[in-house]
Amino acid sequence: MTQQSSQEQELIRINYGTPRPYKWATGKYIGKLYKEAKENKQLVTNRCPQCKQLLWPPIAFCGRCKVDAGEDWVVMNQRGTVVQYTYLVVPMWDPHYGEKFANPYPTATIKLDDGAYLVSRLQEQDPEKLKVGMRVEAVWKEEGRGTGMGDVLYFRTIEE
Ligand SMILES: [Zn+2]
C-alpha cells in the first residue's frame with residue numbers, strides 16, 4: 001500500500017558524463033533516404049509497382065498489396081500543405097539526440113505535393129499565423145546532416 005505525503009518528493013538527478021556513441025544499420029531503403037537527405041538535400045521514397053502509391057518512409061514491401069516494393073525511387077517535391085499543427089509551449093527534448101527544442105515549438109503534419117504525409121517542425125512561431133492549409137517548404141540544415149528527416153531544419157511558410 002502506498003501512502004501519499006503532502007510533502008513534495010525529492011527527486012534524484014543523475015548526470016552521465018560518458019558519451020555513448022553507437023552505430024546502427026539503416027538498411028537499403030531507409031539508408032537511401034538518409035544518404036539522399038545528407039548528400040543532396042532530397043526527400044526520396046519508393047513507389048509500389050502494383051498500386052503506384054508512394055511508400056513513406058521508403059520500405060521493402062507494400063503493406064496494401066503485399067508485394068515487394070522494388071526500387072522505383074522518386075525524388076519528392078519538398079513543398080506541401082499543413083493538414084494539422086500543434087503549438088507546444090512546454091520544453092521538449094529530441095528523444096534521438098537529447099537536444100532541447102526551441103520553445104514554443106510548432107510542429108505539423110504536412111501533406112507533400114506528391115501525396116506523402118510527414119511530421120516536421122514549422123519555422124512560423126506566431127500562433128496567429130499558423131493555419132491548416134498553409135503552404136510550406138522544407139529548409140535543410142547546412143551542417144550536421146545525416147539523420148534523415150532530422151536533416152530538415154523546419155518547413156517555412158511560402159506564398160504562392
Ligand atoms: Zn501497393
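Both counts, for ligands and for their atoms, begin at 1 and track the order of listing. Position 1 is the first residue of the sequence; numbering continues from there.
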Do T81 and R135 get their side chains close enough for a donor-acceptor pair, meaning under 3.5 Å?
yes

When you check the gap from the basic side-chain N to the acidic O, do R79 and E160 get nearer than 4.0 Å?
yes

Would you name the heavy atoms of L55 and C62 that are closest together and state the gap between them?
CD2-SG, 4.0 Å

For the Zn ion (ligand 1), protein N, O or S atoms at a distance below 2.8 Å amount to 4

Before giving the answer on side-chain contact (heavy atoms from CB on, under 4.5 Å), spell out for T109 and V82 the whole-Å C-alpha distance, their side-chain angles and the decisive distance to 0.1 Å.
CA-CA 6 Å; T109 302; V82 170; over 6 Å; no

Should M149 and L43 count as side-chain neighbours, where that means a heavy-atom distance under 4.5 Å?
yes

Are E124 and K131 close enough for a salt bridge, meaning some N to O gap below 4.0 Å?
no

